[in-house]
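Read through the structure below, which is laid out as structure tokens, and then see the notes.
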Amino acid sequence: LKEKNIDLYYIYAIIEKEKDSIIYINREHFREKIKLTDFQSLLFPNDIFSNNCNLALYFPEIRTYYWKKAGILITIFTIFLTILIFSFFFIIRLIIKQQRNSVALTDFVNNMAHEFKTPVAAIQLAGESISNPKNKNNKEKILNYTTIIQHETSRIRKQVERILQMSALDSRELELHFTKIQIDSLIEKAVASISMKVENRGGSIETDLKTNGISIMADLDHMNNVIYNILDNAVKYTKHTPMIKISSSVIDNTIKIAF
């Protein structure tokens, strides 16, 4: 046992195999249990004259010994399993976060592409209208087209500033700049910007604005984009001549905008 590094209390006995009787045992009260032990071997295996006795060992604390040995393995296994589970959930959470960031970034790029495409198209159309010989002597139209170009250029500049704030997507925070905005004035500017597209397709756009100069607290760029994009989509996706009507009113202290 010492050679095998087994430091375990044991009972030993000499048992006569034929009679199944105990010749000697060092602890009498283990007499019945030692007969059932599996740890038995010939007492004198090389004796050719008498080979009728077994040396039997019984370990009263063997279950505790097994549990102590297994306890170390169980502890190591539990620690490893815990680390594995935490690593699994961490990786899954990281993957989900990366997917969300990827979706947010894709949406952002798509929105920015649309936001750039719209003012660029308006600037191009205004430039073509200015260079049109029919409008050469119409100072009012040229002034109107110049105003549109300036307005759309300002929109592009603001969109560039938004792109420079893309880091806000990583922190899931979108910085909003709340200012007082007159709804009717905002709608009129959007209508003026989109009017060339509508006229170019032979359509018309009418307004019926009745908020009487009431202001709201909102982000100017986002509100402008919302109204302009709705009008732009109305022109872009209609299969017929665009006939657009936009109205604003105040109902129960609530501003209502209808397209």
Side-chain angles (χ1 to χ4, degrees), residues 97 100-126 143-200 203-238 242-259:
K97 184 179 180 180
R100 288 177 179 173
N101 288 342
S102 177
V103 171
L105 183 59
T106 301
D107 291 342
F108 180 83
V109 171
N110 290 337
N111 290 335
M112 287 297 99
H114 183 271
E115 297 299 337
F116 276 112
K117 186 176 181 181
T118 300
V120 167
I123 291 173
Q124 181 182 4
L125 189 58
L143 180 60
N144 183 41
Y145 295 147
T146 304
T147 302
I148 290 173
I149 291 175
Q150 291 175 345
H151 176 69
E152 296 304 323
T153 302
S154 177
R155 285 187 62 197
I156 292 176
R157 179 182 57 80
K158 290 177 180 179
Q159 297 303 333
V160 171
E161 291 176 356
R162 287 183 62 193
I163 292 177
L164 295 177
Q165 295 176 352
M166 282 183 62
S167 58
L169 287 175
D170 295 331
S171 60
R172 297 288 177 186
E173 295 178 357
L174 185 61
E175 187 177 356
L176 299 176
H177 302 283
F178 290 95
T179 57
K180 282 187 176 182
I181 301 173
Q182 288 188 355
I183 291 297
D184 289 353
S185 176
L186 187 67
I187 294 174
E188 288 172 353
K189 290 180 181 179
V191 169
S193 297
I194 204 71
S195 59
M196 283 191 307
K197 275 192 173 183
V198 177
E199 292 172 2
N200 194 48
S204 64
I205 181 167
E206 299 178 7
T207 59
D208 183 19
L209 309 177
K210 297 179 180 179
T211 61
N212 300 321
I214 293 178
S215 299
I216 62 171
M217 294 298 295
D219 186 285
L220 178 60
D221 293 337
H222 284 82
M223 283 298 298
N224 183 66
N225 289 336
V226 168
I227 295 174
Y228 190 91
N229 287 341
I230 292 175
L231 295 174
D232 184 60
N233 289 338
V235 177
K236 186 184 298 182
Y237 296 111
T238 182
M243 307 295 291
I244 302 172
K245 182 176 181 180
I246 178 170
S247 63
S248 65
S249 58
V250 180
I251 303 174
D252 297 331
N253 295 324
T254 301
I255 295 177
K256 179 181 179 181
I257 302 175
F259 295 86

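Along the sequence shown, residues are numbered consecutively beginning with 1. Remember, predicted model here, so these are calculated numbers, not experimental data. Note that these values count all heavy atoms, side chains included, but never hydrogens, waters or copies made by symmetry.
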Step through the shown structure and confirm whether more than 12 heavy atoms of other residues, nucleotides or ligands are within 6.0 Å of NZ on Lys236.
-> yes

Find out whether [X] and [Y] are in side-chain contact, i.e. whether some heavy atom of one side chain is under 4.5 Å from a heavy atom of the other.
X	Y	answer
Ile216	Gln182	no
Thr179	Met217	no
Leu125	Lys197	yes
Met223	Leu186	yes
Val198	Leu231	no
Gln150	Tyr145	no

Asp184: what forms a side chain to side chain donor-acceptor pair (under 3.5 Å) with it, not counting sequence neighbours?
->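 Checked Asp184 against side chain to side chain donor-acceptor pair (under 3.5 Å); matches are Thr211, Ser248.
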
Contacts of Asp252 that satisfy salt bridge (Lys or Arg N to Asp or Glu O under 4.0 Å) - sequence neighbours left out |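 If we apply the salt bridge (Lys or Arg N to Asp or Glu O under 4.0 Å) test to Asp252, skipping adjacent residues, there are no hits.
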
If you round to the nearest 0.5 Å, how far is CD1 of Ile187 from CD1 of Ile246?
->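 Reported value, rounded in 0.5 Å steps: 4.0 Å.
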
Euclidean distance, Asn144 CG relative to Ser195 OG, rounded to 0.5 Å = 6.0 Å

Begin with the C-alpha distance, continue with both residues' side-chain angles, and end with the deciding distance and a verdict on side chain to side chain contact (heavy atoms under 4.5 Å, CB included) for Ile123 and Thr153.
-> CA-CA 8 Å; Ile123 291 173; Thr153 302; 3.8 Å; yes

Ion pair present between Lys245 and Asp208, side-chain N to carboxylate O less than 4.0 angstrom?
-> no

